[in-house]
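See below for the structure under consideration.
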Amino acid sequence: MVTQLRGEAQKLKDSNSGLQEKIKELKAEKNELRDEKQRLKAEKEKLEQQVKAMNAQPSFLHPPPAIPAAFAAQGQAPGNKLVPFISYPGVAMWQFMPPASVDTSQDHVLRPPVA
């Protein structure tokens, strides 16, 4: 009986040491994950700051290129041809309008056609 109890005690000691080893491994993994979480959190905040900085900067259109001096003085090109005026490209502005202004479903009631 004493031998059996000593055998059980030895098994429990081995099991205990195995569990202690497992606890150490899990604590190390927990610390690694905590460090990675902190690093990712800092990176996220840095990226959010960059996005805020990008959104805060005004984005103005560049001025149109100047008309060459020879044509600007005359207002016309040689051969009596008009010089095309170079300006900003056409930009659709409807997406910036409120939805109620863009809605055309009630146009026939609100603005009847003129005969």
Side-chain angles (χ1 to χ4, degrees):
M1 182 112 173
V2 174
T3 316
Q4 183 182 2
L5 289 175
R6 284 183 183 160
E8 267 185 59
Q10 186 60 37
K11 285 180 187 177
L12 290 174
K13 285 180 183 178
D14 293 342
S15 175
N16 188 21
S17 65
L19 290 173
Q20 291 294 336
E21 199 61 37
K22 187 76 167 172
I23 288 172
K24 287 179 185 178
E25 290 174 9
L26 290 174
K27 282 185 179 181
E29 186 176 349
K30 177 183 165 186
N31 289 336
E32 289 175 11
L33 289 173
R34 183 179 294 143
D35 292 342
E36 184 177 358
K37 180 182 175 184
Q38 291 293 338
R39 189 174 66 251
L40 289 173
K41 197 173 192 179
E43 186 177 344
K44 177 187 169 193
E45 290 176 5
K46 178 182 170 187
L47 290 172
E48 286 176 349
Q49 291 292 334
Q50 288 178 349
V51 167
K52 285 181 184 177
M54 297 270 296
N55 288 339
Q57 292 176 351
S59 57
F60 298 108
L61 292 175
H62 296 289
I67 298 174
F71 298 132
Q74 299 173 359
Q76 292 183 4
N80 212 13
K81 294 183 181 177
L82 295 176
V83 175
F85 179 71
I86 301 168
S87 66
Y88 296 110
V91 178
M93 299 300 284
W94 60 267
Q95 70 261 23
F96 302 113
M97 295 173 62
S101 300
V102 179
D103 183 22
T104 59
S105 61
Q106 295 296 315
D107 276 0
H108 65 283
V109 176
L110 299 173
R111 299 169 195 86
V114 178

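In what follows, every heavy atom counts, from backbone to side chain, and hydrogens, waters and symmetry copies are set aside.
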Give a yes or no on whether Glu29 atom CD has more than 12 heavy-atom contacts from other residues, nucleotides or ligands under 6.0 Å away. no
Just to verify, what does Gln10 make a side chain to side chain donor-acceptor pair (under 3.5 Å) with, not counting sequence neighbours? Asp14
For Glu25, give me all partners under side-chain contact (heavy atoms from CB on, under 4.5 Å), at least two apart in sequence or on another chain. Glu21, Lys22
Calculate, to the nearest 0.5 Å, the distance between atoms CD and NZ belonging to Gln20 and Lys13 respectively. 14.0 Å
Pairs flagged by side-chain hydrogen bond (donor to acceptor under 3.5 Å, both in side chains) wherever residues 35-50 is involved - sequence neighbours left out: none
Ser105: partners by side chain to side chain donor-acceptor pair (under 3.5 Å), with sequence neighbours left out: Asp103
Between the CE atom in Met1 and the OG1 atom in Thr3, the distance rounded to the nearest 0.5 Å is 11.0 Å
Of all residues at least two apart in sequence or in a different chain, which pass the side-chain contact (heavy atoms from CB on, under 4.5 Å) check with Leu19? Ser15
Once side-chain contact (heavy atoms from CB on, under 4.5 Å) is applied, do any residues pair with Glu8, and if so which ones, sequence neighbours excluded? Gln4
